[in-house]
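Encoded as structure tokens, the structure appears first; notes follow it.
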Amino acid sequence: MSRIPLPAPEDMNEAQRRVYERVVAGPRGRLVGPLRAALHNPELAERWQAFGALLRYGTSLPARVSELAIVVTARRWNSQIEWHIHAEAAAAAGIAPDVLDAIRARRAPVFDDPADALAYEYARQLQETGQVDPALHGRAVQAWGVAGVVELTAVIGYYTLVSMTLNAHEIPMPDGAPEPLDLPREDGQPALSRLAPGRDVRE
């Protein structure tokens, strides 16, 4: 159960209703996740939904690159809804089931596609250390261009915000779905997931 009230459509004020209608008329199709909390400040929700829509649907990156980075972020932050939505989207974009299973289980994924391995490691390093190795950054620029790497970094940062919001307010899973992720603990306290470096691309 959510720690905060989540406005239902019939209870929304005029400003909230405008944002809600814009969201459900767009590519998302419905209002789930962190926007349910952001609606408490309709201006925040409006800018949030526009920023999120741009990063999910309007970058130069292939969908599989963005979605792989998002599931890495979801696993790092143990974000149940984020994983639930984006693991499905990553699979639809072509990410192999065994790769998603490995990330979910915090095992080292093995990739068939070098671009997938690159996207995973870029997101993993940024989430684990707050930095990206210079050689890895250079490979990413070669793969996706300067704009693509700027976009990829923004995707990872944005979905970190999404994860924090979902976790802090305990936004409930959509449609009564079960929570897909186990929650690691260290010294008796909840902990972020440690992400294993990806293994060499399969020959």
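Using cut-offs of 30° and 60° for the angle between ring planes, the Phe111 and Tyr120 rings count as tilted.
Looking at residues two or more places apart in sequence or on another chain, you find no salt bridge (charged side-chain N to carboxylate O under 4.0 Å, His left out) involving Glu88.
Electrostatic pairing of Asp98 and Arg107 does not count as a salt bridge here, judged by no charged N lying under 4.0 Å from a carboxylate O. Between Glu46 and Arg22 there is a salt bridge, with a side-chain nitrogen of the basic residue lying less than 4.0 Å from a carboxylate oxygen of the acidic one. A salt bridge is absent between Arg104 and Asp182; no separation between the charged side-chain nitrogens and carboxylate oxygens falls under 4.0 Å.
Checked by atom type and distance alone, the side chain of Arg17 pairs as donor or acceptor with a backbone atom of Pro9 at under 3.5 Å. Proximity of a side-chain donor or acceptor of Ser2 to a complementary backbone N or O of Pro172 within less than 3.5 Å is not detected.
No continuous path of ILVMFWY side-chain contacts below 4.5 Å connects Trp77 to Val72, so the two sit in separate hydrophobic clusters.
A donor atom on one side chain and an acceptor atom on the other are not found under 3.5 Å apart for Glu186 and Gln189. Checking Tyr158 against Trp48 by side-chain atom types alone, a donor-acceptor pair falls below 3.5 Å.
When each of Gln127, His86, Glu82 is tested with Thr73 by the rule side-chain hydrogen bond (donor to acceptor under 3.5 Å, both in side chains), just one qualifies, namely Gln127.
Separation of atoms CD (Glu121) and CG (Leu68) is listed at 11.0 Å; rounding is to 0.5 Å.
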